[in-house]
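First comes the structure, then the notes that go with it.
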Amino acid sequence: MTESERSFSYLAEGVGGFPRRAGIEERFDLFTRYHRDTPGVKFLAGAVSFVRDQLGLDGGDFLYEMCEGILACNYPVPDRMLRVSEKIVKQYIRKEMIGTHPFLGDFDLYAVEGGTAAMTYLFNSMRVNHLLKSGDTIALGMPIFTPYIEIPELKEYHLTELTINADPADGWQYPRKELDKLRDPKVKAFFLVNPSNPPSVRMSDESLNYLASIVKERPDLIVLTDDVYGTFADNFVSLFAMCPKNTILVYSFSKYFGATGWRLGVIATHKSNLFDEMISKLPNAERDDLNHRYASITTEPEKLLFIDRIVADSRTVALNHTSGLSTPKQVQMVLFSLFSLMDSADSYKNAMKRLIRSRKAALYRGMGTAPEPVDSNVVDYYTLLDVEQQSKEVGPDFVKWLLESIQPHELLFRLAEEAGVVLLPGKGFGTRHPSGRVSLANLNEEDYVKIGRCVRNEYLERYRKSGGKLHKDNKK
Ligand SMILES: *Cc1c(COP(=O)(O)O)cnc(C)c1O
């Protein structure tokens with residue numbers, strides 16, 4: 001605000017002007033020195049020196065963009081993403097989604113209102129640009145975040161879904177036989193969530209490599225990977241890093257930073273990609289149509305990149321000049337990214353992982369059962385309570401009774417009514433199976449012990465009442 005008061009200032013009336021670029025870095029240095037002991041200032045000073053010294057960007061340009069962004073005195077320019085902000089968030093995406101995996105070339109980001117907007121915009125632009133047509137077959141990596149099932153079924157998309165099913169018995173990995181379905185040229189696109197939701201398991205290196213080898217044979221296959229949980233894993237490598245030309249990456253800041261209310265996400269596409277190529281090869285009539293569609297925003301609509309088409313389509317093309325994510329939100333996204341980039345020891349990641357693991361342990365403690373064995377691909381943002389698996393130690397009679405006499409969703413409703421515990425249906429979101437998804441994201445440890453206890457009591461009490469015998473009853 002004081003920067004705004006430097007020009008065009010009628011303080012008494014509360015009027016300010018644009019900040020001034022000249023000298024902004026020096027003024028910031030003075031400010032941070034003077035306010036050294038104010039909470040947060042140390043981080044800000046560190047962030048500016050990180051941007052300058054580690055990322056090699058101009059400190060003044062960065063400060064000016066942040067200052068203007070916070071004042072929100074302009075529409076976002078460029079509309080896809082602010083310039084310095086894009087560079088910084090790209091570093092974050094590079095660190096978390098690509099890591100040390102070899103990666104040639106560069107990519108573009110579009111800052112959006114969370115993973116939700118990313119999905120909505122992508123489905124729409126793929127349809128409008130004829131990358132997916134009504135009646136096309138798309139493959140979904142199952143289980144999956146349900147909107148990926150529901151959107152393609154909507155009348156305006158009318159896509160045919162083919163499922164690639166993960167195997168719960170193999171730690172929720174995709175068997176080769178399932179991935180082989182992608183070899184069928186009829187399959188136009190593959191959508192997956194990695195690490196998955198709800199099982200919270202990332203694709204194993206073996207599966208990733210196998211999938212990459214299929215994509216090599218199918219250079220026309222569109223891949224969309226939603227990696228919002230990738231940041232909870234160590235040394236995560238996205239399919240975007242492995243097959244950059246074919247893959248659209250969706251990332252959201254909601255989960256890792258516990259910031260669903262901010263609505264922050266990005267769409268990433270490689271600068272040399274399948275989508276631009278497909279658009280350039282469309283039949284003449286479709287190309288002419290699209291050139292006409294985008295003619296109001298560029299004199300060379302033919303050259304408009306797919307990612308910039310998504311920006312335009314997000315505001316029905318005609319409002320392209322006022323599109324883009326609000327600038328204060330882009331600033332917040334930059335702060336999250338810098339916070340993670342500056343944490344070279346990954347202490348935040350480790351703290352997040354510890355927190356989630358100890359909640360999971362509490363849940364199982366409450367149920368009185370041992371947690372599943374450790375699997376390095378398990379991320380644990382959610383955990384699936386598969387009551388069938390959990391009950392095996394109670395005895396085979398109990399498992400039989402359970403599957404026969406309990407309606408899959410009955411347990412979830414009773415838990416909600418009687419214990420005030422609301423779980424989402426677990427297995428595959430919709431399969432007839434007594435299981436529940438417990439989010440380990442947001443409750444206190446004690447609450448997880450309680451949830452565990454409720455789940456256990458609910459079943460065992462009813463089993464006993466129906467005349468069922470437990471192991472220990474038999475022993476007596
Ligand atoms: C939560 C979630 C989203 C939505 O993210 P927002 O950024 O909160 O809109 C998208 N995809 C998956 C897999 C999610 O779990």
Side-chain angles (χ1 to χ4, degrees), residues 81 89 92-93 96-97 109-126 138-152 154 161 163-164 166 172 174 189-203 223-233 236 238-240 247-268 310 314 324-326 328-330 332-337 340 352 356 377-384 422-430 436-443:
M81 194 165 183
V89 177
Y92 170 69
I93 294 292
E96 295 290 342
M97 303 283 124
L109 290 183
Y110 171 20
V112 292
E113 302 83 355
T116 297
M119 290 170 65
T120 300
Y121 297 166
L122 278 165
F123 272 104
N124 180 47
S125 284
M126 284 198 266
I138 57 162
L140 299 175
M142 301 292 281
I144 198 164
F145 184 46
T146 27
Y148 284 105
I149 305 173
E150 293 160 357
I151 297 172
L154 295 174
E161 294 168 354
T163 58
I164 307 285
W172 295 100
Y174 297 109
F190 178 39
F191 292 2
L192 81 160
V193 173
N194 182 36
S196 52
N197 173 359
S200 242
V201 174
R202 72 159 145 188
M203 264 177 103
V223 179
L224 188 158
T225 191
D226 177 334
D227 294 358
V228 311
Y229 300 104
T231 24
F232 289 94
F236 178 72
S238 167
L239 210 50
F240 180 65
T247 306
I248 302 167
L249 170 73
V250 170
Y251 179 73
S252 157
F253 291 75
S254 283
K255 310 295 163 60
Y256 191 48
F257 293 98
T260 46
W262 267 106
R263 319 305 301 122
L264 298 176
V266 287
I267 296 171
I310 307 175
S314 79
L325 186 67
S326 93
K329 283 165 74 164
Q330 295 200 45
Q332 183 59 47
M333 193 187 281
V334 165
L335 291 177
F336 281 147
S337 299
S340 158
M352 284 301 107
I356 280 174
N377 292 316
V378 170
V379 170
D380 276 340
Y381 186 83
Y382 302 113
T383 193
L384 280 179
V422 179
L423 304 185
L424 285 184
K427 215 170 185 182
F429 276 132
R437 185 194 83 169
V438 183
S439 167
L440 296 171
N442 46 13
L443 299 176

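In this text, all values refer to a predicted model and were calculated from it rather than measured experimentally. Indexing begins at 1, ligand by ligand and atom by atom, following the structure's order.
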**Item:** Derivation and outcome, ring pair (Phe, Tyr, Trp, His ring centres under 6.0 Å), residues Y229 and F236
**Value:** CA-CA 10 Å; Y229 300 104; F236 178 72; over 10 Å; no
**Item:** S340-Y256 side chain donor-acceptor pair, cut-off 3.5 Å
**Value:** no
**Request:** Please work out which of the three classes, parallel, tilted or perpendicular, describes the rings of F232 and Y381, given edges at 30° and 60°.
**Result:** tilted
**Prompt:** How are the rings of F257 and Y92 set to each other: parallel, tilted or perpendicular (split at 30° and 60°)?
**Reply:** tilted
**Message:** Please confirm whether the ring centroid of Y251 lies under 6.0 Å from the ring centroid of F253.
**Reply:** yes
**Message:** Just to be sure I understand the cut-off, which residues have at least one non-hydrogen atom under 4.0 angstrom from an atom of ligand 1?
**Reply:** G114, G115, T116, F145, V193, N197, D226, V228, Y229, S252, S254, K255, R263
**Request:** Mind listing the closest non-hydrogen atom pair of L192 and M203 along with its distance?
**Result:** CD1-SD, 3.6 Å
